[in-house]
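Presented below is the structure to which this report refers.
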There are 2 protein chains.
Amino acid sequence: MTSVGVPEVFARRPKRADARRNYEALVAAAREAFGERGTSASLEEIARRAQVGIGTLYRHFPTRQELLEAVYVDEVEALCRSAAELADLPPWDAFVAWINRFVAYVATKRALAEELVDSEVFRGCRTAIYAAGEPMLRRAQEAGVARPDATFDDVLRLLSGITAAQFTEPGQRERVLGFALDGLRQPTAAR
Amino acid sequence: MTSVGVPEVFARRPKRADARRNYEALVAAAREAFGERGTSASLEEIARRAQVGIGTLYRHFPTRQELLEAVYVDEVEALCRSAAELADLPPWDAFVAWINRFVAYVATKRALAEELVDSEVFRGCRTAIYAAGEPMLRRAQEAGVARPDATFDDVLRLLSGITAAQFTEPGQRERVLGFALDGLRQPTAAR
DNA sequence: TTGCATCCGGAGGCAACCCTCCGCTAGTTT
DNA sequence: AAACTAGCGGAGGGTTGCCTCCGGATGCAA
């Protein structure tokens, strides 16, 4: 628990060139397929999309679960990296900016996450996200610009839903997100 | 289009006693099954649960879609009825109370709703929900207790996500919902 | 270049699901 | 209570998906 660094959850890719190529193609194909067809997309279709034999898919991901996890981890990895880049903004702005990335990254991944609740990897990702986002909330609270009675967990649950909704009207997502963020602001804070 | 009353979407049940019994058993079984297994639950399992032949299921609901719709309509129907009962509360309280029912009723129905986007019945239900809830928001806005720049659509999207999240810690749902509602309040309103 | 460990591909057996079809059952009406 | 239907059930054929297994291909180290 000393250095947070890159959590161990984050994927270990195959070493041999062809294997690695296939691994990546499979994750990409799976991301698409799960996105379009939901988490029960056919594994054989995914193999087809990746231009890879079904056997290859099963070698890399003996379980549908493992493939789901691989896709998910991929997204989370990117999200966590982005937290570090925001450190020098003012507390509230940094918080809001990260939340925006959170919304963007996780937007299409809800169905996926649902399938992964109570999975080892999922818990790992959760930890990683907390490690990235929780300090930003705390900083905003210590600066007196975020309400002190909200936990980071509360924030995630409040916002993760907004990511789910389909917004057609342009700007609506931002507006709605704004309402939610107003609800998280220090009530006495100026506006 | 004169009287709103009971929208035409709301289901027309079979007339004969046994048929009606089976219809109801099927919807109930489907609600459970879709809840547990997701929208791709096996139709044969649903028939089994309902203690009904598979043929009977197909006669009542020639399409998986139609069964999904029947389950969904059932929920919405109850929700809409509940709006009328709140008319004599003060504007903000009425609004909050309805929102709470909304959250409770729709909680487990998200996956279901997802499958139904761009379905005729779904649009009908959407209309019904608007008819029930939109006046409550407007009343609160006219009383100056809800922010005037939020549409009812915004409200639904803001809240429908919260319904999705799994809350383990008791009271968390209420707390988080409270944050969201604070975000919807008239900013200048006392607290 | 050679040799080997690793990786590939897809045929094939198995299981689950979908949906139709039709002989039978049982509400309903008179 | 008799006749008339609407409704029931489940066997069965077709399809699709899951997963294993192993002969052959291929990257890589020496």
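Here is the naming used below: chain letters follow the sequence lines, and residue numbers restart at 1 for every chain. Worth saying up front: this structure is predicted, and the values here are computed from it rather than measured.
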Write out a two-atom table: protein N or O, nucleotide N or O from nucleotides 25-30 of chain C, distance below 3.5 Å.
from, atom 1, to, atom 2, distance (Å)
C:dT28, OP1, B:Ala17, N, 3.1

Regarding the side chain of B:Asn22, the nearest nucleotide among C:dC7, D:dG7, C:dC19 is D:dG7

**Under-4.0 Å side-chain N/O to phosphate OP1/OP2 contact, B:Thr56 with D:dG7** = no

Taken to the nearest 0.5 Å, the spacing of A:Leu159 CG from A:Ile99 CD1 works out to 5.0 Å

CG of A:Leu26 to NE2 of A:His60, rounded to nearest 0.5 Å, is 6.5 Å

Practice prompt. Looking at every strand, decide which applies to A:Arg59 at a 4.0 Å heavy-atom threshold: base, sugar-phosphate, or nothing.
Written response: base

Go through it in stages, so that I can follow the logic: the residues are A:Arg147 and B:Asp182, the test is side chain to side chain contact (heavy atoms under 4.5 Å, CB included), and I'd like the CA-CA distance, side-chain angles, deciding distance and then a yes or no. CA-CA 11 Å; A:Arg147 62 192 301 161; B:Asp182 274 357; 2.9 Å; yes

Here the distance between atom P of D:dT16 and atom CZ of A:Arg37, to the nearest Å, is 12 Å

Whole-Å distance, A:Arg64 CZ to C:dA16 C1', equals 14 Å

Run the salt-bridge test on A:Glu45 and A:Arg49 with the 4.0 Å N-O cut-off and return the result as yes or no. yes

note: A:Tyr23, atom OH; C:dC8, atom P; distance rounded to Å ~ 13 Å

- Query: Are any side-chain N or O atoms of A:Gln51 and backbone N or O atoms of A:Ala25, one a donor and one an acceptor, separated by less than 3.5 Å?
  - Reply: no

| query | C:dC18 phosphate, OP1 or OP2: any side-chain N/O from B:Ser42 under 4.0 angstrom? | reply | yes

* Do the charged groups of B:Glu169 and A:Arg157 touch, with an N to O distance under 4.0 Å? -> no

Within residues 43-51 of chain B, those residues having any heavy atom closer than 4.0 Å to DNA chain D are none

Open item on the list: Over 60° means perpendicular and under 30° means parallel, so tell me whether A:Phe152 and A:Tyr130 are parallel, tilted or perpendicular.
Closed with: perpendicular

Of A:Gly55 and B:Gly53, the one whose nearest nucleotide on DNA chain D sits closer to the 5' end is B:Gly53

Please confirm whether the shortest side-chain N or O distance from B:His60 to OP1 or OP2 of D:dG7 is below 4.0 Å. no

Salt bridge (Lys or Arg N to Asp or Glu O under 4.0 Å) test vs A:Asp18 passes for just one of A:Arg20, A:Arg16, A:Arg21, namely A:Arg16

